[in-house]
Each structure stands twice: as C-alpha cells, then as structure tokens.
S.K.: 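Take this structure first; my questions come after.
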Amino acid sequence: MSDALVVAAGTTAADAVAAAGLPSNGPKAIVVVKDPSGRLRDLDWAPAADTEVEPVALDTPDGLNVLRHSTAHVLAQAVQATFPEAKLGIGPFITDGFYYDFDVEKPFQPDDLGKLEKKMQEIVKSGQTFRRREYASLDEAKAELAHEPYKLELVDIKGDVDDSEVMEVGGGELTHYDNIDRKGERVWGDLCRGPHLPSTRLIPAFKLMRSAAAYWRGSEKNPQLQRIYGTAWASRDDLKAYQTRLAEAERRDHRKLGTELDLFSFPDEIGSGLPVFHPKGGVIKREMEDYVRARHIEEGFQYVGTPHISKEGLFHTSGHLPYYKDTMFPPSHMEGADYYLKAMNCPMHNLIYRSRGRSYRELPLRLFEFGSVYRYEKSGVIHGLTRVRGFAQDDSHSYVTAEQAPGEIKHLLNFVLSLLRDFGLDDFYLELSTRDPESDKFIGSDEQWEIATKVLEDVATESGLQLVADPGGAAFYGPKMSVQAKDAIGRTWQMSTIQYDFNQPARFGLEYQAADGTRQEPVMIHSAKFGSIERFLGVLVEHYAGAFPAWLAPVQVVGIPIRDDHGDYLQEFVDRLRKQGIRAEVDHSTDRMQKKIRTAQQQKIPFMAIAGDDDVSGGTVSFRYRDGSQRNNVPLDEAIAHVAEVVRSRTNVGPTA
RNA sequence: GCCGCCUUAGCUCAGUCGGCUAGAGCGACGCACUCGUAAUGCGUAGGUCGUCGGUUCGAUUCCGACAGGCGGCUCCA
C-alpha cells in the first residue's frame, strides 16, 4: 500500500486505483487516498493537477478510522429514520469504534440498539454512496442546517474548534456529505469534513455497543445528549477478535476476581467506595506494603506516621481549602474547632519538617508513609478499587535545595520505575501535566511554573521514555509527571506521580540553614509510587488475572492428599514450609483429589503439592503447577528448597515444571 | 453530581401478566465413598425478593423516594 499512485488531472482517485488494479472489495479494499500534504481524500476526489497519492486500505489505521466514521453516519441515518425528531450532535471515530450523539425526546432503551442495528444493516446492504459537497457560503450552510441546532452551533464556532473528535468542521472549507441510493436519490446527509468510504457496502462488520448520556461539547453546563457507542472492523473475524478481547478484559475484572478469590468487598453498610480487605486480600496488601516500605528505607526515605484528621487551619495553610473543599469530607465540629478528614498527607509531613530547625546537611530529607486519605469522590465516579473514597497513598515528600531538585527527581523516577518492574510491570510512558494559564485554579507565579515544568521535562526527556503532554492537568500547586504503565493486555493505568511544589514550602514557612548561615526555602517534591495501594492492588489483580506471582499469592502452596490418610504426611511437609515463612496449607476437606485440584486451580494457587502412596513411601511430593505442568516425586528437602527459592526470588513468572 | 439500566439465598441467575409452601446450579453443612492430576453420590440448612413510603381486599411483582451496583459523561490534588 505504500506504492505511490498518480491521479491524473481531471480524473478521480478511484480511476487511478482501478487502473492500478488495486482491490475494491474485502479488508484490503482501497477506501481513500492520502495526498502529498498527508490529507485523506475520498476516492471521487479529482485534483486539478497530476497528484501523487498513497492508497489507503480499509484494514490500516487510517482506513479503519474512515470506516468507523462512515459507520457513525450510517448510525445517524438509522436513528433519524427511526426517530425523526432526533437532532444530530457529533459523530467521530474513536479507538476501536465510533459514537454519535443525539438529542432525542426519550433516551435510547437497550432494545432500541437492536432495532437500529437492523436498520443499519439495511442501509449497509443498500450500497449508498457518500458524496462530498462544498458549501458556497456560511449562509448556505446555515440555511440547510436550520433544523439542526447543534450543527448550526458548530458552523458558528468553526474557527475555534480544536478537537480531533469534532469531525464536522475543520480545514479551509465547510462541506457536507450526502448519502445517495442506487437510484441516484439523496436519502440522507450530514455536515462533515470527511473523508468517507466510497459506499456503505464496504462496511464489513459493526456492532452497537451501548448507549449513554454525554454532555454537549463535553461541558457539564451544557445539556446532555444521548450517545450511542459502536464498533466497526475490516472483517467479521476482526470484530470477533475484538469481542474476544473485551471478554478477556471482563474475565480479569478485579471486582469480579476480588469476590471469586475472596480478596476484598465493599459492604453497603460502610459506604460507597470504602473497601474492606479479607484475609487473602490482606496478605497481598501486606506483602506489597512490606516490600515497598523496605525499598523506601533502602532508598533513603524515613518512615513516618500521621493522623487521619486535622483541624481546618492546616488545610488553609496548605492551600487545599478552599480549592478542594468539595472533594473533602465535610468537617466535624469539636470543642469549637472544625476537623477535616485528611485528603492529602503533605501538610502533615511539612509539620514534621518544621518541627525543628533544619540544616542543609540534612537535605534531601525524605519522608514516607502509607497515609490514609479520604476524598469525597462524586458518586458516579467510584469504581472498584481503582476509584475509592478512602485509600492509602504510598506517599513521600522530598525536601531539597533548588539545585538538588533535578537530581532528586531523577532519583525518584528511577526508583519508581524499578519498583513497578519489581511487581511485573515493565512497559511505561510518561505524562507531563502542566497548568492551564487560562484557569485560576493554579497558584504561583509564571516564573515558578516555568522553572518547575522545565525541571520535570528535562528529567523526563533524559529518561528516554515516551513523553506525552497533558496541558491543564497539573496539581494546583505545581506541575506533575506521571508514569503510565501498560498491563498484560495492553491497557494503560496511571500509577506513579512526581510533583514539583514551590508553593507549600512558602505557605508553611519551611526553611533550612544554608552553609553560609542564611535561611533558605527548600523545594518540596511529592511522589507516590503506586498512587494508592488499593488501586495498585486492583491493577495487579487485572494484570495477573488473579494468578499472582508466588511471592504475592495469598496461599502459596496447597497440599493435596490422594487419600485422606495421606493428609498427615502432607501436614508435616506444610508445617516445614510454614517454618520457612511460606504460606502453605493442606486441603483436608472430604472432596476427592480431582476436586481439590480443581479448587486449587480456581483459586490460582501457584504450587499444588500432591502426595499418595508412592510419595509417602518414597519421601517425596509431586508438584502440579498452576499452568498444569507437573514435577513428580520430588524429595521433601528439595521440594521445600524449590518453593522457598521461587518465593524468595520474587519472580513474577511461573512457577512451572 | 448528571443520564440510562439494574438490585430475588454467600455467589451466578430463573420466576411471579398483583394472590396459596419463591426455584436452580455453585458454595456451606451432614452422611456414605477412600479414589494419582480440573467437579463422587445422596441429603440438609439457607430468602421479611435492597430500604422506606404509596396504590390495593392483597405488593417480591405497580408507583415514588432513598441506598447500593453497572455503563457512560463530567471529575480524578
């Protein structure tokens, strides 16, 4: 497809594609061409001069985007055929699919999607062509779109639209796409910058996924439209593969696995977004915390502790009140003071710093704790362990001189990455969140922001990792660098954050005595490695699909006697493992051996140690690993050493035979 | 917070077009079985059908509010 193609003046791209004998059907069909400026053009585009173009096939990333956007048009046509009063919003392609927003009297019901799909099938089969038409003037466009208020708004704000999701307008001209049926009649049309497939017939496989409300142009202040999400693929097999991928993600859902593996729950009686950890989830959480605490201490952090509530003055000093008052739990009044549950740990760490005079010799001073924080997240955003109202941050604050800041940030980034790798995540990119100069949410001077942003950016660039900009995403007190980690099935999660803070040291009057005897203000660097223990645990459940590495597994070894009377033998083996700190138990239930294996398999226990007459008489056990592989008749000493070694090594793969 | 959908046993789910003792599988418990790599058989217990209110002779079923969940949107220091 990279072979260049020349469209002769006065002929269409389709002519050139046909002359070159390129496919016009199936997943390799050429659906648009890319002109020398990189712009995608419809096949009926006819340049004024000879133009070299690149043909774009349906199954390429560009081709799929065109397919998905054209499918969105088919959806919109189906909706307006079924609900004539529906007004059109926008309908872009997105990752793996598309959506289209509609203003309708009544929100779509689940069975509406089935009806709309059927209608769409008819449109696809009828082989409508998409025909581009340019408006001569703004007035002409407005006249034609008089009955589409949202489109009119887009025409009016055309100049300001800077959003890749708004496909309607853009580029130099204002264009419209008509759908023409086989008889040459115009059956539908939409304001759109294109491009589109030559025909609806080229839509091989699509599915409507769900409907949901969405604010017009993404603002809470605007009315809500009804959005329909769909997916479209270059072949039925690709669609099937996509559905399999979704099923795989569902299989890994930590909320489901949390119940199945008895790790945690969210009792209604406690409240939304407030998890409790059951013994097995507690084991994983404790292992994580123990390891992370030990690593922090190795890296020069000092472990501290702070209370969960504070008088409000502290949060005024820090600047969190009133900025974030509505995301903090309301205060309780006691003895004339208002106490808030803490939503962040930094103010308390500042007080530890300030508890006595500090010397430049102490810097960098690094304070760390698992700090419990409570945030009143809006009810609609709570999601399993990844978005909760009470959680423990693995929160640290480094107090450094301005000169030390770049080195400290580099140190923190390396530390963060190594910790994530220790837990089996090793595919990262960085995001740099900067302030939005338009917003009044951010405090501090332009110069301060500039310096801080530059420091983070330099370290990020130096790391060699991919860096993505996130304008406007900074904390109110300073810019933020975050590590995004990809899990086993390619989803990205925001984990660690490193933030440069020039605000709080001043607000708290933090200082240190410099070598020259003067008092100087330190810079404060916030960092959280996992963001929150709860979220990270949730991510790990999904990453490993519940099959935790041996060092994290709640139960590491289960002994399975072949007959009941082999239980005592295995109990002795398990007792020896326990003395080595291994979490081992014997399944003494009355189930048959096969059933015990099934149970252990479902609990995703890394080691099954099976013993029957042969093993008892030979002084051995037989391992069955989680992946079904086996190692039979292993002498007890060797078996214990083997388990201990796998656990101690903290390997994140296997075990296997 | 907004929109839609949902809430029946520990879990997953049937069911009740408003009416008599609300069902199943898994799990739990008991009994029998004693078995070499993913479900032995039989039996028992377990539900004020999310909560509160309304309509009705009668509500798990219809209506409303609230709580919780799910999918999005917005948000995520």
Side-chain angles (χ1 to χ4, degrees), chain A residues 99 101 104 106-112 209-229 253 255-256 259-260 262 265-273 315 318-320 323-324 326-328 343-347 373 375-384 386-389 393 395 433 441-443 473-478 480 482 494 497 499 501 503-504 526 528 531-532 535 560-567 589-602 608-615 622-626 628-630 632-633:
Chain A
Y99 66 78
D101 288 343
V104 281
K106 283 176 65 174
F108 299 110
Q109 302 294 305
D111 15 320
D112 290 336
M209 305 301 284
R210 62 178 65 94
S211 65
Y215 297 106
W216 168 238
R217 302 198 61 221
S219 169
E220 235 175 334
K221 296 181 187 96
N222 288 336
Q224 279 191 330
L225 304 182
Q226 295 302 316
R227 174 172 296 180
I228 295 179
Y229 284 94
D253 191 317
R255 295 166 300 183
K256 197 170 123 97
T259 305
E260 284 174 13
D262 196 15
S265 59
F266 298 88
D268 288 358
E269 292 83 347
I270 297 178
S272 183
F315 300 119
S318 68
H320 288 97
Y323 281 94
Y324 287 99
D326 46 348
T327 47
M328 292 176 74
M344 66 298 298
N345 303 299
C346 29
V373 296
R375 298 178 183 182
Y376 198 82
E377 302 287 0
K378 289 195 246 174
S379 57
V381 308
I382 291 179
H383 182 95
T386 56
R387 198 74 186 275
V388 290
R389 284 180 168 162
Q393 287 184 312
D395 206 1
S433 301
K441 168 185 152 186
F442 304 98
I443 53 184
F476 73 90
Y477 49 72
K480 171 172 93 178
S482 57
Q494 177 179 322
T497 60
Q499 302 175 30
D501 187 345
N503 267 298
Q504 288 198 51
H526 306 245
S532 96
R535 169 185 288 184
I560 299 180
I562 283 177
R563 257 195 337 264
D564 282 358
D565 53 300
H566 303 125
S589 70
T590 59
D591 291 334
R592 294 174 69 199
M593 182 250 329
Q594 285 85 346
K595 180 62 179 297
K596 292 180 182 181
I597 289 172
R598 179 181 153 85
T599 304
Q601 198 76 48
Q602 286 177 327
M608 288 175 230
I610 300 171
D613 289 338
D614 289 356
D615 286 296
S622 296
F623 283 114
R624 179 194 159 103
Y625 302 96
R626 207 157 39 187
S629 64
Q630 295 174 42
N632 290 329
N633 308 115

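So you know, we letter chains A, B, ... as the sequences are listed, proteins then strands, and number each from 1.
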S.K.: Hey, which of A:Q504, A:H320, A:Q499 is the one that makes side chain to side chain donor-acceptor pair (under 3.5 Å) with A:Y477?
M.R.: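 Result for side chain to side chain donor-acceptor pair (under 3.5 Å) with A:Y477: A:Q499.
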S.K.: How far does the C1' atom of B:G23 sit from the matching atom of B:U60, given to the nearest Å?
M.R.: 14 Å
S.K.: Answer with base, sugar-phosphate or nothing: what part of the nucleic acid does A:K596 contact at a heavy-atom distance below 4.0 Å?
M.R.: nothing
S.K.: Considering heavy-atom distances to RNA chain B, does A:G473 or A:Q601 have its closest nucleotide positioned more toward the 5' end?
M.R.: A:Q601
S.K.: For A:D268, answer base if it contacts any base atom (sugar-phosphate contacts may also be present), sugar-phosphate if it contacts only those atoms, and nothing otherwise; contact means non-hydrogen atoms under 4.0 Å.
M.R.: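 Since only primed, P, OP1 and OP2 atoms lie under 4.0 Å of A:D268, the category is sugar-phosphate.
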S.K.: Does the side-chain ring of A:Y229 sit on the six-membered ring of the B:G72 base, less than 5.5 Å centre to centre and under 30° in tilt?
M.R.: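 Aromatic stack with B:G72 absent for A:Y229.
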S.K.: For a quick check of understanding: with a heavy-atom distance under 4.0 Å over all strands, which category does A:H320 fall into, base, sugar-phosphate or nothing?
M.R.: base
S.K.: Can you tell me the base-pairing partner of B:C49? Count Watson-Crick or G-U wobble geometry only, both distances below 3.5 Å, and say none if there is no partner.
M.R.: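 Answer to the pairing question: none, since B:C49 forms no Watson-Crick or G-U pair.
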S.K.: Report yes if at least one side-chain N or O of A:R624 is closer than 4.0 Å to OP1 or OP2 of B:A38; otherwise report no.
M.R.: yes
S.K.: Heavy atoms only, 4.0 Å cut-off, all strands: where does A:Y215 land among base, sugar-phosphate and nothing?
M.R.: base
S.K.: Could you state the CG-P distance from A:N222 to B:G1, rounded to the nearest angstrom?
M.R.: 21 Å
S.K.: Go ahead and name the base partner of B:U21; Watson-Crick or wobble counts if both distances stay under 3.5 Å, otherwise write none.
M.R.: none
S.K.: What contact category does A:T327 fall into here, base, sugar-phosphate, or nothing, at under 4.0 angstrom with non-hydrogen atoms?
M.R.: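 The answer is base, as A:T327 lies within the cut-off (heavy atoms under 4.0 Å) of a base atom.
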